[in-house]
Number of protein chains: 2
Amino acid sequence: MVSVDVVAVRFAVTEATPSVAIIRRDREPFAGELALPGVLLGRGERLYDAALRAITGKVGLPPEHIRGVGQLATFDEPLRDPRGPTLSLSMWAVVDPAAPVDTASWFAFGQVPHLAFDHGPILEVARAALAGLLWRDRTFTRAILGEEFSTARALALAEALSGSRPDRGNLNRMLRSMPGLQQAEAAVRSGGPGRPYQPWVWT
Amino acid sequence: MVSVDVVAVRFAVTEATPSVAIIRRDREPFAGELALPGVLLGRGERLYDAALRAITGKVGLPPEHIRGVGQLATFDEPLRDPRGPTLSLSMWAVVDPAAPVDTASWFAFGQVPHLAFDHGPILEVARAALAGLLWRDRTFTRAILGEEFSTARALALAEALSGSRPDRGNLNRMLRSMPGLQQAEAAVRSGGPGRPYQPWVWT
DNA sequence: ACAATAGTGTCTTTAAGACATTATGCG
DNA sequence: CGCATAATGTCTTAAAGACACTATTGT
């Protein structure tokens with residue numbers, strides 16, 4: 001038996017940090033407990049499709065709100081599932097924060113409660129892996145930050161994934177030197193006090 | 001069905017470059033063709049144990065000659081196996097070059113002939129992944145270079161994995177600054193002409 | 001004016017690339 | 001000696017860290 005477990009993240013402009021989809025299990029084992037959304041891999045099914053199925057089925061989001069999917073690692077501890085030995089192929093996914101209501105709870109990294117199975121360790125591995133993908137993997141970076149983003153959001157994202165907050169000026173310099181990324185001319189007022197920001201836009 | 005396919009590498013002092021174990025399949029599908037050593041994952045079996053089983057069974061090496069094992073990636077193309085949809089969990093392994101006779105053919109990266117299944121692409125992914133592990137993953141690096149190695153061998157290894165040969169002086173400088181690695185006092189004559197080398201030893 | 005936020009500039013440190021120079025062996 | 005191989009030193013460039021300074025808004 002092979003399950004595909006998904007670390008689905010979103011980063012809404014209305015939220016200070018990215019968050020992860022956690023669902024309450026409605027079936028045994030661990031019925032009623034919290035876990036990552038996951039499905040059993042169907043025969044001949046692709047990992048990408050299984051991840052989509054986990055998000056649409058367990059989180060309740062239509063597939064067009066999924067902006068990126070990728071592999072993480074395989075967890076093979078034989079006792080990880082009380083039903084018997086099961087492999088977990090873990091995947092990451094980025095979903096559109098402007099998505100309709102869903103059936104998941106969303107937690108910031110680091111505030112996720114205890115999870116069923118070995119999903120706690122899986123989540124930790126995922127966070128470290130995503131920290132490595134940020135800025136290096138254009139697909140992931142663009143998916144989670146969106147088409148236009150402020151340096152402040154880039155700062156918050158990097159801090160949430162890596163655990164330490166980069167220097168604002170240094171991050172700006174890095175973004176400036178990044179191919180395929182440009183700084184908009186027009187400044188945008190954020191609403192509160194402070195200087196307006198110049199959004200970063202992908203080309 | 002889940003298969004575990006192993007990219008088993010060794011780097012003998014008698015060889016100029018590292019090489020990969022390739023076996024000739026004795027069963028369908030692709031009987032008689034070349035492929036990576038692989039086994040079907042048993043129920044409740046750990047990936048590490050399956051990789052060991054592939055090496056002992058298909059390559060014919062005793063398990064004590066295996067110096068390191070790790071995960072690579074999952075290949076899920078439904079048509080990759082003519083028997084029907086099969087997942088391939090690919091792994092790397094490093095085997096002791098001072099091993100007894102085995103039943104595999106050993107090819108240098110880049111000189112491997114056409115392989116059955118999707119093992120060609122898997123091997124390419126593996127090579128890139130191992131290039132990333134070199135110097136960063138102490139376990140892999142120590143396993144493939146051995147307890148004592150010359151800068152010349154480090155150069156050859158880096159070139160074989162990454163495709164480009166680093167500068168000798170720069171590599172020496174990097175090794176000098178690497179924690180857990182020391183340069184032996186006594187120089188070793190290599191046999192041929194040229195200045196003796198000071199081996200690098202792990203601490 | 002002042003606090004809050006954003007952007008820019010600069011000095012320093014570190015890592016890496018390129019390449020010359022010196023050292024030690026074999027024939 | 002001449003050639004092959006190894007080690008070291010140096011100049012330069014690129015990237016990153018730390019931090020000061022300026023700019024623009026809301027109250």
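By convention in this document, chain letters (A, B, ...) are assigned in the order of the sequence lines, proteins followed by strands, and residues within each chain are numbered from 1.
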Nucleic acid contacts of [range], taken as heavy-atom distances under 4.0 Å to DNA chain C:
| range | result |
| --- | --- |
| residues 145-154 of chain B | none |
| residues 173-185 of chain B | B:Arg173 |
| residues 131-138 of chain A | none |
| residues 157-164 of chain B | none |

Quick one: on DNA chain D, does B:Asn172 or A:Asn170 contact a more 5' nucleotide (nearest heavy atom)?
B:Asn172
Assuming nearest nucleotide by heavy-atom distance, tell me which of A:Arg168 and B:Leu155 is located more 5' along DNA chain D.
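Checking each residue's closest nucleotide, the 5'-ward one belongs to B:Leu155.
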Decide if atom OH of A:Tyr48 counts as having more than 12 heavy atoms of other residues, nucleotides or ligands within a radius under 6.0 Å.
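Counting other residues, nucleotides and ligands, OH of A:Tyr48 stays at 12 neighbours or fewer.
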Just checking B:Arg165: does its CZ atom have more than 12 heavy atoms from other residues, nucleotides or ligands closer to it than 6.0 angstrom?
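Atom CZ in B:Arg165 is packed in, count exceeds 12.
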[X] and [Y]: which non-hydrogen atoms are nearest, and at how many Å?
| X | Y | value |
| --- | --- | --- |
| B:Glu33 | B:Ala116 | OE1-CB, 4.0 Å |
| A:Asp102 | A:Val59 | CB-O, 3.1 Å |
| B:Arg46 | A:Pro78 | CD-CD, 3.8 Å |

Apply salt bridge (Lys or Arg N to Asp or Glu O under 4.0 Å) to B:Asp167 and B:Arg173, showing your working.
CA-CA 10 Å; B:Asp167 176 86; B:Arg173 178 178 52 190; over 6 Å; no
Cation-pi check for B:Phe75 against B:Arg80: NZ or CZ below 6.0 Å from the six-membered ring centre and within 45 degrees of the axis, yes or no?
no
Applying salt bridge (Lys or Arg N to Asp or Glu O under 4.0 Å), which residue pairs with at least one partner in residues 176-185 of chain A are found, sequence neighbours left out?
none
Cationic N near anionic O, under 4.0 Å, B:Lys58 to B:Asp5:
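The answer is no: the pair does not qualify as a salt bridge.
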Interatomic distance, A:Gln198 CD vs D:dT24 C1' [rounded to whole Å]
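Answer to the nearest Å: 11 Å.
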What is the distance from CG of B:Asp167 to P of D:dT12, rounded to the nearest Å?
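From B:Asp167 CG to D:dT12 P: 17 Å.
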Is there a donor-acceptor pair under 3.5 Å between the side chain of [X] and the backbone N or O of [Y]?
| X | Y | result |
| --- | --- | --- |
| B:Ser90 | B:Ala73 | yes |
| B:His65 | B:Asp96 | no |
| B:Glu124 | B:Pro121 | no |

Kindly determine whether B:Arg142 and B:Asp137 satisfy salt bridge (Lys or Arg N to Asp or Glu O under 4.0 Å), including the steps that lead there.
CA-CA 9 Å; B:Arg142 185 168 181 167; B:Asp137 183 312; over 6 Å; no
Let me have a per-nucleotide readout for nucleotides 22-27 of chain C, 5' to 3', with B, S or -, counting only protein heavy atoms under 4.0 Å.
-BBBS-
Would you call A:Ile22 and A:Trp106 a side-chain contact if the rule is heavy atoms closer than 4.5 Å?
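In short, these two side chains do not touch, never coming nearer than 4.5 Å.
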Using 30° and 60° as the class limits, which term best fits the ring planes of B:Phe149 and B:Trp202: parallel, tilted or perpendicular?
tilted
